[in-house]
Amino acid sequence: MSQLKETGFAYYDLINMIKYEGIETDLEQLTSAFDNLPPDEYAPQLNRYRRYARAVIMPKTYQIQWLPESEVNGKAYYEYFQGSFNPEYTGEYRRFPSLTKDTMTNRLLEEIIRFDFKETFWMREDALMPVHAGIHFVKLQVEKEGDVAVSSPNNLHQDGEPFTFAHLIRRRNITGGMNAISNPSQRGNMPEDLNEKDITTSFYLENPLESYGVYDPLVTHYVGEVEKGDADGPGERSAILIDFQPTVIANPDEVRSMRGETKEMVFV
């Protein structure tokens with residue numbers, strides 16, 4: 001049985017699991033995409049930088065189709081919503097700058113998305129429809145001694161999507177960034193406040209394409225703050241986060257567009 005299905009957590013070393021000619025060049029291109037990430041406008045003081053995109057994956061064929069962006073003042077964005085699952089942005093839509101077209105067409109990124117998707121599992125009715133994927137490029141960067149970069153939310157949490165996978169791209173000249181996995185009852189707590197028995201596992205992602213996945217209902221997860229290391233120059237932890245959720249026909253009582261609030265609605 002899959003470890004992810006049995007325990008809600010699995011570790012992967014994709015550098016040894018995804019193989020094709022030209023992967024080194026594609027990894028270099030993905031790495032360079034983190035060089036120009038814009039600051040997270042929702043937390044400019046937390047030294048966090050990010051881009052985001054949304055796609056759907058077709059069942060059986062694993063075809064990836066990128067969804068259209070929104071345009072604001074001539075710049076491309078994607079909307080992101082976690083409902084009540086992120087206490088820092090409860091019930092709030094956030095708008096993140098889009099991944100670049102070059103990044104979206106990177107073969108390695110598509111291979112990573114497909115690898116993750118093939119690790120997921122669904123109820124039959126969920127698996128009949130395309131599955132939605134959210135692709136986050138997130139960099140925690142510290143420029144000088146005393147700077148701290150913080151992920152969101154900064155505690156053990158669940159994301160609200162059934163599956164989330166994290167793939168390290170680059171880690172250099174930092175301390176911190178510990179990952180921890182616990183059980184759902186510890187949602188909102190900090191790992192250092194828990195008894196040892198309540199921590200399922202803790203670890204650091206050190207090398208490119210070291211990865212892990214979580215099945216949200218069974219676990220909580222956390223990545224710690226990042227501080228600058230001893231070497232000259234800035235410190236950085238860059239990772240790709242990929243979440244999946246179904247696009248099945250929902251309960252009409254739960255669909256916002258069925259509430260009759262026509263002044264808030266848009267034509268497609």
Side-chain angles (χ1 to χ4, degrees), residues 14-15 24-54 75-80 82 86-89 92 94-104 106 108-109 112 134-157 159 164-180 190-192 202-212 214 221-243:
L14 293 195
I15 201 71
E24 297 85 359
T25 299
D26 289 345
L27 179 56
E28 288 177 2
Q29 292 175 349
L30 280 186
T31 303
S32 66
F34 286 87
D35 292 338
N36 63 348
L37 292 190
D40 185 340
E41 62 184 70
Y42 297 92
Q45 75 283 6
L46 296 182
N47 299 312
R48 190 166 66 230
Y49 302 78
R50 67 193 308 162
R51 287 187 182 273
Y52 176 61
R54 300 168 63 186
K75 296 183 179 180
Y77 292 88
Y78 282 93
E79 304 283 343
Y80 181 56
Q82 286 183 281
N86 189 329
E88 297 172 6
Y89 306 101
E92 179 181 349
R94 287 179 284 168
R95 185 180 63 205
F96 297 130
S98 168
L99 295 180
T100 67
K101 298 302 182 184
D102 286 345
T103 299
M104 290 183 186
N106 183 282
L108 178 56
L109 178 59
I112 291 171
I135 296 89
H136 309 249
F137 278 43
V138 181
K139 176 171 66 175
L140 302 179
Q141 180 167 298
V142 282
E143 297 287 341
K144 62 184 184 299
E145 186 176 351
D147 285 352
V148 177
V150 182
S151 189
S152 175
N154 188 28
N155 53 37
L156 284 159
H157 62 277
D159 289 326
T164 298
F165 296 82
H167 306 278
L168 186 74
I169 298 299
R170 182 164 59 196
R171 177 189 172 105
R172 60 183 179 185
N173 196 26
I174 61 167
T175 62
M178 179 195 75
N179 293 99
M190 296 294 287
E192 59 264 30
S202 61
F203 55 96
Y204 291 86
L205 300 180
E206 300 278 0
N207 302 307
L209 298 186
E210 273 196 281
S211 311
Y212 71 90
V214 295
H221 58 104
Y222 166 83
V223 59
E225 298 175 350
V226 163
E227 298 184 38
K228 186 179 177 303
D230 296 331
D232 294 336
E236 170 192 352
R237 183 189 187 275
S238 292
I240 299 172
L241 310 179
I242 302 176
D243 57 61

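Each residue takes its place number in the sequence, starting with 1.
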Close side-chain approach of R50 to V138, heavy-atom, < 4.5 Å: yes
Atom CG of N47 and atom CG of L140: how far apart are they, to the nearest 0.5 Å? 8.5 Å
Would you say that more than 12 heavy atoms from the other residues, nucleotides or ligands in this model lie under 6.0 Å from the CD of Q45, or not? yes
What I'd like to find out is whether the side chain of Y204 reaches to under 4.5 Å of the side chain of E210, using heavy atoms alone. no
Does some side-chain heavy atom of L30 sit less than 4.5 Å from a side-chain heavy atom of I240? yes
If you compare all heavy atoms of R171 against all heavy atoms of L168, which two are closest, and at what distance to 0.1 Å? CB-CD2, 3.9 Å
CD1 of I135 to CZ of F165: how many Å apart, nearest 0.5 Å? 12.5 Å
Under the criterion side-chain contact (heavy atoms from CB on, under 4.5 Å), I'd like the reasoning laid out for L241 against Y52: C-alpha separation, chi angles, the key distance, then a yes or no. CA-CA 9 Å; L241 310 179; Y52 176 61; over 6 Å; no
Answer yes or no: is there a side-chain heavy-atom contact under 4.5 Å between S151 and R237? no
Could you measure the distance from the CD1 atom of I174 to the CD atom of E227? Nearest 0.5 Å is fine. 10.5 Å
Judged by atom type as modelled, is there a donor-acceptor pair below 3.5 Å linking the side chain of D243 to the main-chain atoms of G134? yes
Would you give the length of the straight line joining atom OG of S211 to atom CD1 of I169, rounded to the nearest 0.5 angstrom? 7.5 Å
Just by modelled atom types, is the A239 backbone N or O under 3.5 Å from a matching donor or acceptor in the H167 side chain? no
Any donor-acceptor pair under 3.5 Å linking the side chain of D40 with the backbone of R48? no
Would you mind checking if K139 and E236 are paired as a salt bridge, meaning a charged N to carboxylate O distance below 4.0 Å? no
Which heavy atom of A33 sits nearest a heavy atom of T103, and at what distance? CB-OG1, 3.7 Å
Distance in Å, L37 CG paired with Q141 CD, rounded so as to fall on 0.5 Å steps: 9.0 Å
Just say parallel, tilted or perpendicular for the rings of H136 and Y80, cut-offs at 30° and 60°. perpendicular
Counting only heavy atoms not in D230 (residues, nucleotides, ligands), do more than 12 fall under 6.0 Å from its CG? no
Using the six-membered ring of Y77, assess whether NZ or CZ of R95 lies under 6.0 Å from its centre and within 45 degrees of the ring axis. yes
With rounding to the nearest 0.5 Å, note down the distance linking CZ in F96 to CZ in R51. 12.5 Å
Quick one, N154 with E225, criterion side-chain contact (heavy atoms from CB on, under 4.5 Å). Give me CA distance, side-chain angles, the key distance, then yes/no. CA-CA 8 Å; N154 188 28; E225 298 175 350; 3.3 Å; yes
Which heavy atom in L209 sits nearest to a heavy atom in I112, and how many Å separate them? CD2-CD1, 3.9 Å
Side chains of L27 and P208, heavy atoms from C-beta outward: is any pair under 4.5 Å? yes
K228 versus G235, closest heavy-atom pair with distance: CG-N, 4.5 Å
